[in-house]
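Naming convention: chains lettered A, B, ... in sequence-line order (proteins, then strands); numbering from 1 in each chain. Quick caveat, the model's predicted, so the values are computed rather than measured.
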2 protein chains.
Amino acid sequence: MSTKSSPRAPQRSRAASPSRRERVSDHRAVGPPAAPTFKPIHTRRTFEEICERIREQLALGVLKPGDKLPAERELAQQLGVSRNVLREALRSLEMAGVLRLQKGVKGGAFIQQGDTRRMNEVMRDMLSLGTISVRELSEARVHVLDLVVQLACANARRADLDALEANIERTELATKEGRLLDRVECSREFYKLLAASTGNKVIAMIVDSVTEIHMRFVYAKVASSGVAMARLAEKRRQFLAALSERNVDLASRLLRSHLESVQRMLEQDPGAMSLHVALADVQPGMRR
Amino acid sequence: MSTKSSPRAPQRSRAASPSRRERVSDHRAVGPPAAPTFKPIHTRRTFEEICERIREQLALGVLKPGDKLPAERELAQQLGVSRNVLREALRSLEMAGVLRLQKGVKGGAFIQQGDTRRMNEVMRDMLSLGTISVRELSEARVHVLDLVVQLACANARRADLDALEANIERTELATKEGRLLDRVECSREFYKLLAASTGNKVIAMIVDSVTEIHMRFVYAKVASSGVAMARLAEKRRQFLAALSERNVDLASRLLRSHLESVQRMLEQDPGAMSLHVALADVQPGMRR
DNA sequence: GATTATTAAATGGATCACCCATTCAATGGA
DNA sequence: TCCATTGAATGGGTGATCCATTTAATAATC
């Protein structure tokens, strides 16, 4: 950690207390606002400072995944803050996927490998807050997947194709056994594998984030109506064949046409397609 | 809020205390693990529960941007938790851009309009943690921008083109006056405007997140070496002309060639291009 | 009566002092 | 040797208390 800049500032609030009165009397002594210097309005809060300090250490490479931060009590003392406010910072970093907190002796705050699922949460929040629309999300997904097909045709390795093949077999099995919701889960995984086959984790992350939401809608639709995409595995096989032959145009056409038919299925009964229904529930396997 | 499921559970830890002993004696009474039911390992922590409750209300539409949550003291009582742990939850949601906390009477926790910049932070963290590489990010950016050009050619409105035009003029001015770093800022804005001209906020968000990081590298490069892209404004004008004429191929070619030359510039002196330098500093205008 | 200080209350920001539950290593007994 | 016990470290959580900021109500002043 080496948090060298911790000048042991206990009782910071109390120490800063007189400054307010000073500022006020200064103001009156000078009269009307003589020099409108406009100091930074936003008083930085302690926890923000802490988060930034830790992120800084991360960016600098001083902290790496696997590293452990000092114990809460000790770190709080090092930073000269209360344990509670330190915990607020640690909580935020944990929610951000940067840390993992583990109990017990030998426990502590461990730097995590980055969790790409965090972007999914951003998308969900943006949708919940109405910043983005379902339409925009679907549209973006279609376009991004088109790009993915190009990249996958260019970069997919044998292992990627095999994984897709295995996924299709699971899809067939689920279809045969009538496990419709499992089949939706297979679909989610299919796109995850397809995205991974581009060999670019940034692209993969983006695709996952838009697909996760989309699949919630599909899940809700299938769960409520019992209908499901016909000839799914068959279509997947055709697509995979095109991908294996590096036939971009064909693969692209097949996927696009499939996406369109899924879209039609979803829009068939718009009344049931509540944003809230799809987002509210945390489906098993959909998260964590 | 209507948090109907808050059965006033004070001193939850103490109340749950006997259960541990019960479970242990159960285990011994039965002997070896008879029924490995595997209950959920992860004891849900209070603050997670709170975050989820609030997000649920959001997804359900009960809470909307602009709404105010009850005061901390009151909400804590409603939920049957301590104020401290409630604050941990609120902090997390604030960092997630969902809430804004405001002091003073008439203050409180207000639901925010979604902040699309949050995705930038995800990208930064992923890069800091080594989950994604600069190379993947650059590559993804090139591909996504290619997509953006297509969409912008199809969807850009007059206002979008005008905004781009105005941006180019600012770029010219900054060039003339030798304000190289301001020019980098103009570039960042250029891509933001370009992304916005697709008319799809999801796409725009994605582009912004990869561009923000990229521009940090450019910024660091320009700041350290003093070199800058030649004939920038001129190239921008050519591109904008192609965009205005809805000439996808030309616009696409121009942008791609520009991106390549920028990439060459960045890679010229790889030693100076430290990931850490680019990420560590919070540049003015780059954030918040 | 209008304007300007003053005061009071509400609220987030922060601290302190505890306590509980979990985990794991050290210890000790069978 | 093996297993149970113990104890310490650590995160999880609580409650009381104070500070700083903001706003509205109130009083003082012109």
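If A:Ser82 and A:Lys103 are placed on DNA chain C by their nearest nucleotide, the residue sitting closer to the 5' end is A:Ser82. In this structure, B:Gly104 and A:Lys106 both approach DNA chain C, and ranking their closest nucleotides by distance from the 5' end singles out B:Gly104. When each of A:Glu74 and B:Leu86 is assigned the nucleotide of DNA chain D bearing its nearest heavy atom, the one mapping closer to the 5' terminus is A:Glu74.
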- Message: I'd like to know whether A:Met205 forms a side-chain contact (heavy atoms from CB on, under 4.5 Å) with A:Arg118, so could you lay out the CA-CA distance, the side-chain angles of the two residues, the decisive distance to 0.1 Å, and finally the verdict.
- Response: CA-CA 9 Å; A:Met205 199 160 68; A:Arg118 208 184 132 201; over 6 Å; no
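Side-chain nitrogen and oxygen atoms of B:Arg100 include none within less than 4.0 Å of the OP1 or OP2 phosphate oxygen of C:dG12. Look at A:Arg83 and you won't find any side-chain N or O under 4.0 angstrom from OP1 or OP2 of D:dG11. Checking the phosphate oxygens (OP1, OP2) of D:dG12, a side-chain nitrogen or oxygen of A:Arg87 falls inside 4.0 Å.
Distance, A:Gln77 CD to C:dT15 C1': 14 Å, rounded to whole Å. In this entry the distance linking CD of A:Glu88 with P of D:dG11 reads 16 Å, nearest Å. Atom pair A:Leu75:CG and D:dA9:C1' shows a separation of 16 Å (rounding to whole Å applied). Distance CG (B:Leu99) to C1' (C:dG12): 13 Å, rounded to an integer number of Å. At whole-Å resolution of the value, CD in B:Glu72 and P in D:dA16 are 16 Å apart. One atom, CZ of B:Arg44, and another, P of D:dG13, lie 12 Å apart when rounded to the nearest Å. Straight-line distance from the CZ atom of B:Arg45 to the C1' atom of D:dG11: 9 Å, rounded to whole Å. The distance between atom CZ of A:Arg91 and atom C1' of D:dG13, rounded to the nearest whole Å, is 9 Å.
Distances from the side chain of B:Val105 to the nucleotides C:dG13, C:dA9, C:dT15 place C:dA9 closest. The side chain of A:Val81 lies closest to C:dT15, out of D:dG11, C:dG12, C:dT15. Candidate nucleotides D:dT14, C:dA10, D:dG12 were compared by shortest atom distance to the side chain of B:Asn84, and D:dT14 ranks first.
A donor-acceptor pair under 3.5 Å links the side-chain atoms of A:Asp67 to the main chain of A:Lys64, judged by distance alone. When atom types are taken as modelled, the side chain of A:Glu136 and the backbone of B:Val202 share no donor-acceptor pair closer than 3.5 angstrom.
The base of D:dG15 is not paired with the side chain of B:Arg73 by any donor and acceptor separated by under 3.5 Å.
The side-chain tip of A:Arg188 does not point at the ring of A:Tyr219 from less than 6.0 angstrom away and within 45° of straight on.
For the atom pair CZ of B:Arg135 and CG of A:Asn200, the computed distance is 9.5 Å after rounding to the nearest 0.5 Å.
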